[in-house]
Asks: 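I have a structure here, written as structure tokens, and I will follow up with some questions on it.
Note on naming: letters A, B, ... go to the chains in the order of the sequence lines (proteins, then strands), and numbering restarts at 1 for each one.
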Amino acid sequence: MIDEQLSVLAVVAPLLAAPLCVLMPRARWSWLLALVASVACFAISVRLFVLVQSDGMIVTPLGGWAAPWGIEYRVDPVNSLVMLIVSGISSVCLLSARLSINKEIDSSRQPLFYTAWLLCLSGLIGMTVTGDAFNLFVFLEISSLSSYVLIAMGRDRRALTASFQYLVMGTIGATFIIIGVGFLYLATGSLNMADIAVRLPDTIATRTMESALAFLTVGMGLKIAMFPLHLWLPNAYAYAPSVVSAFIAATATKVALYALIRFLFTIFGYQFSFVEMPLSAILAVLAVAAVLVASTVAIFERDIKRMLAYSSVAQIGYMLLGIAIASQAGVTASIAHIFNHALMKGALFLALACVVYQIGSVMRDDLTGLSRRMPWTFGAFTIASLSLIGMPLTAGFTSKWLLVQAALAAGWWMIALLVLIGSLLAVVYIWRVIEIMIRPPAENAPRQEAPLSLLAPAWILALANIYFGIFTGINIGSAKAAAIWLLGGVS
Amino acid sequence: MDILGHLNYWVVVFLMMTGFYVVIASGNLVKKVVGLNLFQASVFILYISMGVVTGGEPPILRDGTDVYSNPLPHVLILTAIVVGVATTALGLALAIRIKEAYGSLEEDEIHLKETEGLNDTSNHSGESAGGIDG
Amino acid sequence: MLAAIMLPLIGAMLVLLAAARPNLREFFSIATAVVLCVDLVWLASHVFDGDMPSLVLAEPIPGFSLTLAVEPLGMLFALIAGFLWLVTTIYAIGYMRGHNEQNQTRFYTFFAIAIAAAMGVAFAGDLLMLFVCYELLTFSTYPLVTHVGTPKARAGGRIYLGVLVGTSMSMLLLAIILTALEAGTLSFVSGGIFSDASTTMMLGMLLALFVFGIGKAALMPFHFWLPAAMVAPTPVSALLHAVAVVKAGVFSIMKISIYIFGIERMATLPAAEMLGYVAGFTIVVASLIAFSKDNLKARLAYSTISQLSYVVLGSLLAVQAGVIGGTMHIVMHAFGKITLFFCAGAILIATNKSKVSELDGLGKDMPWTMTAFFIASLSIAGLPPAGGVWSKWLLAQATVETGQWVLLSVLLVSTLLNIGYLLEIPVRGFFKRSIDDHRYNEAPATCLLAIGVAVLMTVLLFFIPDPLYRVASMLVR
């Protein structure tokens with residue numbers, strides 16, 4: 001009985017804790033509350049993940065209203081994995097948030113920060129579990145609005161403009177999504193995803209459906225930061241508070257990507273999205289352009305947070321490429337990369353949070369000699385970097401392998417080669433940073449390792465990169481199950 | 001005939017494009033928020049128009065009416081309006097903060113200050129120059 | 001087998017723990033190397049009796065696992081790398097102290113990690129494991145290459161990493177994934193894994209991707225990382241860039257020819273013949289470049305490039321004599337070249353000279369070093385009484401068997417070139433009068449000990465090549 005309500009609980013726990021955070025008399029208490037709510041959410045996600053792996057999909061109608069009318073939450077192999085990563089990353093980031101945020105945000109505003117964080121988490125989890133197209137839009141806006149707030153809290157004033165830019169583009173994206181959902185409703189008379197999918201075959205290939213697909217893809221593309229709709233992302237990541245960069249980079253775009261996968265495969269179906277509409281070609285071109293262009297820009301970026309932001313745009317290209325291949329192998333690669341990329345970017349940004357805490361800058365030239373000044377931070381950063389460039393025995397390698405394998409199996413030779421070239425560009429931009437970090441430091445530079453509570457979360461994620469690069473039952477195994485679930489008969 | 005029959009939709013398209021144009025073309029942040037609002041409002045009308053059932057009455061239970069307009073889009077749009085209000089509020093709040101931090105609401109002036117006024121330390125602590133070559 | 005990989009890692013950890021006490025740290029280094037050698041010999045006694053244990057470690061990609069498996073070729077490579085690690089460690093202690101190097105702890109730590117990676121390459125039971133360890137070897141040697149920390153060292157490190165990672169990530173990985181799709185397995189199987197359904201075109205392309213993708217084999221045009229890596233301290237150049245790293249490259253090519261393509265299948269590929277010409281080109285051109293280098297280590301580096309292509313050529317010829325000759329050449333060249341590098345390092349610390357033209361008359365001051373250099377040069381050139389003669393003989397025989405007259409003449413020309421650029425050094429040392437009257441001392445005792453052991457092996461292999469020949473011929477049985 002409880003098991004069936006778990007998906008609701010995962011959304012409600014942070015949602016209820018959020019206003020309580022404001023009421024806490026001390027910033028530290030609201031941090032603790034946020035952490036507890038997030039960890040609870042993670043525990044629920046783990047439980048759901050295990051349940052789904054053993055028993056299959058769990059459907060929870062809300063308020064007892066049966067499917068086509070009421071909203072229902074569906075947890076299946078696809079979103080249970082996304083839930084796991086979102087709540088997990090949120091918990092790890094919150095661990096390091098206390099110190100990092102103490103330094104970057106006034107204590108009077110901290111409770112509000114944690115409120116916004118929990119709302120964001122709640123929105124992201126909501127987006128993943130919901131089985132209702134309009135409900136997805138509502139959760140999307142909950143998470144988006146709170147992430148605008150989180151980003152605007154960055155200590156640099158450019159955070160404000162970055163947040164505003166994100167708000168404008170994000171709202172346009174969200175509006176496109178409701179237009180798309182509206183068209184779907186117009187054509188089928190239903191908002192329940194599964195129900196729409198059942199009704200669609202009668203109305204497929206009409207102008208309405210085609211425009212619905214276009215609106216949804218572009219709208220989601222904006223939230224995903226699909227090239228060339230990524231312009232909001234670099235500044236948003238660069239000027240947000242450090243832990244927020246880690247949280248948002250590892251989760252927000254991933255959830256939007258999940259939503260796109262959901263729309264393309266579950267609602268419109270493989271046949272319509274990829275056979276009747278030329279989505280494969282469009283996405284593949286954009287994805288490859290993202291990989292090449294964004295990686296190249298990253299090479300010349302001096303602000304490491306911005307560099308990682310561009311790297312995110314490139315990595316999103318990889319995920320979109322998996323979708324574009326639209327085979328079981330491709331979607332497996334895509335979902336596995338959602339998981340793996342969350343681990344590496346989370347670790348990288350958390351390592352940078354340590355750097356910001358101790359040194360106060362993330363400009364490349366200020367990090368000379370980091371390997372001596374902050375050896376542990378450097379260690380975590382290096383491991384995550386190696387994962388990012390796809391070094392064997394790290395998570396990044398497995399997803400790159402899967403993607404290239406999928407591209408080759410589909411006969412996309414050129415694309416496979418470009419993916420590999422893209423990962424060489426990643427080597428270049430990452431190595432420029434590492435090389436500066438291992439230079440001998442200036443004579444008077446003290447050893448100034450970050451405190452444990454900042455280091456531990458970065459190392460948890462860094463080690464996760466290695467673990468999930470060797471024992472891939474959870475990430476790749478379930479990504480494969482998810483792909484089979486999404487594509488059904490199509491191989 | 002057809003054109004008039006789709007009048008709502010033409011209005012929607014007109015409003016949407018106007019709003020979109022304002023968002024893109026205007027350099028003033030408040031105007032951008034207004035444009036965004038217009039853009040969203042057009043979608044509200046789109047939804048309401050979808051719900052219309054020919055010859056239908058407003059969806060209120062009373063005697064003598066069998067055909068109702070579809071109430072669901074109304075409910076949905078109620079939610080969307082709330083979201084829209086929240087977005088606008090947040091957008092305006094950000095605009096105020098930007099005005100405080102930069103002393104301007106014009107995008108190009110802000111951009112100028114971001115690129116050149118980096119030694120102005122009023123609201124940022126110790127960050128050195130960063131390229132704005134996004 | 002797993003112990004062979006874990007031992008150096010444990011050693012690395014011990015070295016790190018004993019950072020504050022140099023004597024203890026060096027003791028740990030040597031102790032680990034000794035234990036590793038014992039382990040390897042014990043393992044070898046089983047393997048050469050025909051016992052081939054294997055072990056599945058994990059399965060990171062569905063359907064493709066990381067396995068360890070011993071076979072004669074890998075065993076041979078592991079034995080050389082392990083044994084020479086011991087020798088080099090002894091040498092390194094003298095060298096690093098004599099040269100007052102900084103950061104010695106980091107040096108010994110990464111050295112041990114690199115050896116662990118080399119052991120992994122040796123015992124890889126499938127292409128995935130091979131790739132994993134190959135990349136680990138690249139990254140773990142990077143701190144060694146840039147050890148000095150000067151801008152020049154960093155630039156060298158950048159080229160080193162750029163070429164090795166670039167070739168392996170673009171071509172080798174592509175080749176491995178294609179193999180996975182084409183054959184459905186990545187395991188090393190005697191006789192190859194491709195079915196008859198695979199086209200000659202496809203296999204030819206794969207072979208090219210493998211041969212060029214394994215940048216460590218330093219086939220032209222991907223050879224220039226090796227001279228760049230010479231900025232490293234001499235023990236690194238000696239062990240890694242004459243033995244472990246470069247041999248890992250040619251070893252991988254050899255292993256792929258035997259266990260992925262199978263030599264029967266290789267023999268039918270026109271691509272193998274074309275690549276053979278590339279190897280021949282590398283042999284001659286690298287020797288010619290070596291002539292023009294005045295810096296001793298650079299000259300040795302180009303000599304290495306040239307010699308590596310002998311092994312590549314041996315595997316590409318795809319006949320018994322070629323494979324046996326190539327395998328033997330891995331061993332012969334390892335002992336010969338490491339001696340040469342040891343000598344170059346000994347000269348550097350004793351006299352602070354690194355140019356060939358400065359070595360006039362040094363034979364009187366450093367007779368042992370120069371004699372060792374002379375013998376090792378003979379081995380590289382393939383002249384008696386040194387081991388190199390046997391492997392070259394077999395390789396020449398292979399070119400005759402396949403009717404590759406051009407390649408035969410390449411081998412002969414190369415021998416002449418080798419004599420020219422290597423023997424110049426002892427000739428200068430013994431017969432020319434030194435420019436200044438400054439007298440020098442011989443190198444530190446540990447260095448001489450290491451040189452002695454290595455040169456002794458070179459000579460021994462001339463007189464008793466049979467065990468090696470038997471092991472190498474197990475590969476083609």
Asks: When rounded to the nearest 0.5 angstrom, what distance separates CD in A:Gln165 from NZ in B:Lys32?
Replies: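 A:Gln165 atom CD to B:Lys32 atom NZ measures 8.5 Å (nearest 0.5 Å).
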Asks: Which residues in residues 78-91 of chain B have a heavy atom less than 4.5 Å from any heavy atom of chain A?
Replies: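 Counting heavy atoms that sit under 4.5 Å from chain A, the residues of residues 78-91 of chain B involved are B:Thr79, B:Ala80, B:Val83, B:Ala86, B:Thr87, B:Leu90, B:Gly91.
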Asks: Report which part of A:Val168 has an atom under 4.5 Å of a heavy atom belonging to chain B: side chain, backbone, both, or neither.
Replies: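 The answer is both parts of A:Val168.
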Asks: Is any side-chain heavy atom of B:Phe39 closer than 4.5 Å to one of A:Thr171?
Replies: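 Result no, sub-4.5 Å side-chain heavy-atom pair not found.
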Asks: Please report the C-alpha distance between A:Leu191 and B:Leu72 in whole Å, then the side-chain angles of each, then the deciding distance to 0.1 Å, and finally whether the side-chain contact (heavy atoms from CB on, under 4.5 Å) criterion is met.
Replies: CA-CA 10 Å; A:Leu191 286 170; B:Leu72 190 70; 4.0 Å; yes
Asks: To the nearest 0.5 Å, what is the distance between CZ (A:Arg157) and CD1 (B:Ile110)?
Replies: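 The distance works out to 9.5 Å.
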Asks: Could you name each residue pair satisfying side chain to side chain donor-acceptor pair (under 3.5 Å) that touches residues 139-152 of chain A, not counting sequence neighbours?
Replies: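 Passing the test, one end in residues 139-152 of chain A: A:Ser144-A:Lys223.
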Asks: For A:Leu160 and B:Glu100: C-alpha separation, side-chain torsions, deciding distance, then whether side-chain contact (heavy atoms from CB on, under 4.5 Å) applies.
Replies: CA-CA 10 Å; A:Leu160 294 172; B:Glu100 281 171 5; over 6 Å; no
Asks: Please round to the nearest 0.5 Å and tell me the distance separating atom CD of B:Gln40 and atom CD1 of A:Ile172.
Replies: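 That separation rounds to 9.5 Å.
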Asks: From A:Leu167 CG over to B:Leu36 CG, what is the distance, rounded to the nearest 0.5 angstrom?
Replies: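 Separation between the atoms: 6.5 Å.
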Asks: Let me have the donor-acceptor pairs involving side chains of residues 19-27 of chain B, under 3.5 Å, with sequence neighbours excluded, atom names and distances please.
Replies:
from	atom 1	to	atom 2	distance (Å)
B:Ser26	OG	B:Asn28	N	3.2

Asks: Pick one of side chain, backbone, both or neither for B:Ile98, based on which atoms fall under 4.5 Å of a heavy atom in chain A.
Replies: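 Both the backbone and the side chain of B:Ile98 come within 4.5 Å of chain A.
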Asks: Inspect the surroundings of NZ in A:Lys103 and state if more than 12 heavy atoms from other residues, nucleotides or ligands are less than 6.0 Å away.
Replies: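 Enclosed: over 12 neighbouring heavy atoms sit under 6.0 Å from NZ of A:Lys103.
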Asks: Can you list the residues that meet the salt bridge (Lys or Arg N to Asp or Glu O under 4.0 Å) rule with B:Asp108, with sequence neighbours excluded?
Replies: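 Listed in chain order: nothing, the list is empty.
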Asks: Measure across B:Met50 and A:Tyr185 and return the closest heavy-atom pair with its distance rounded to 0.1 Å.
Replies: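 So the minimum-distance heavy-atom pair works out to CE-CD2, 4.0 Å.
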Asks: Is there a side-chain contact between B:Leu46 and A:Ile178 (heavy atoms, below 4.5 Å)?
Replies: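 Answer no - side chains too far apart.
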Asks: For the atom pair OG (B:Ser49) and CG (A:Leu186), what is the distance rounded to the nearest 0.5 Å?
Replies: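 Answer for the OG-CG pair, B:Ser49 versus A:Leu186, is 10.0 Å.
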Asks: Given heavy-atom pairs under 4.5 angstrom as the criterion, report whether the side chain, backbone, both or neither of B:Leu76 touches chain A.
Replies: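 The answer is both parts of B:Leu76.
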Asks: Is there a side-chain contact (heavy atoms from CB on, under 4.5 Å) between A:Phe164 and B:Arg97? Walk through the geometry before answering.
Replies: CA-CA 10 Å; A:Phe164 191 86; B:Arg97 290 281 310 279; over 6 Å; no
Asks: Kindly indicate, with the supporting measurements, whether the criterion side-chain contact (heavy atoms from CB on, under 4.5 Å) is fulfilled by A:Phe134 and B:Val75.
Replies: CA-CA 11 Å; A:Phe134 195 83; B:Val75 182; over 6 Å; no
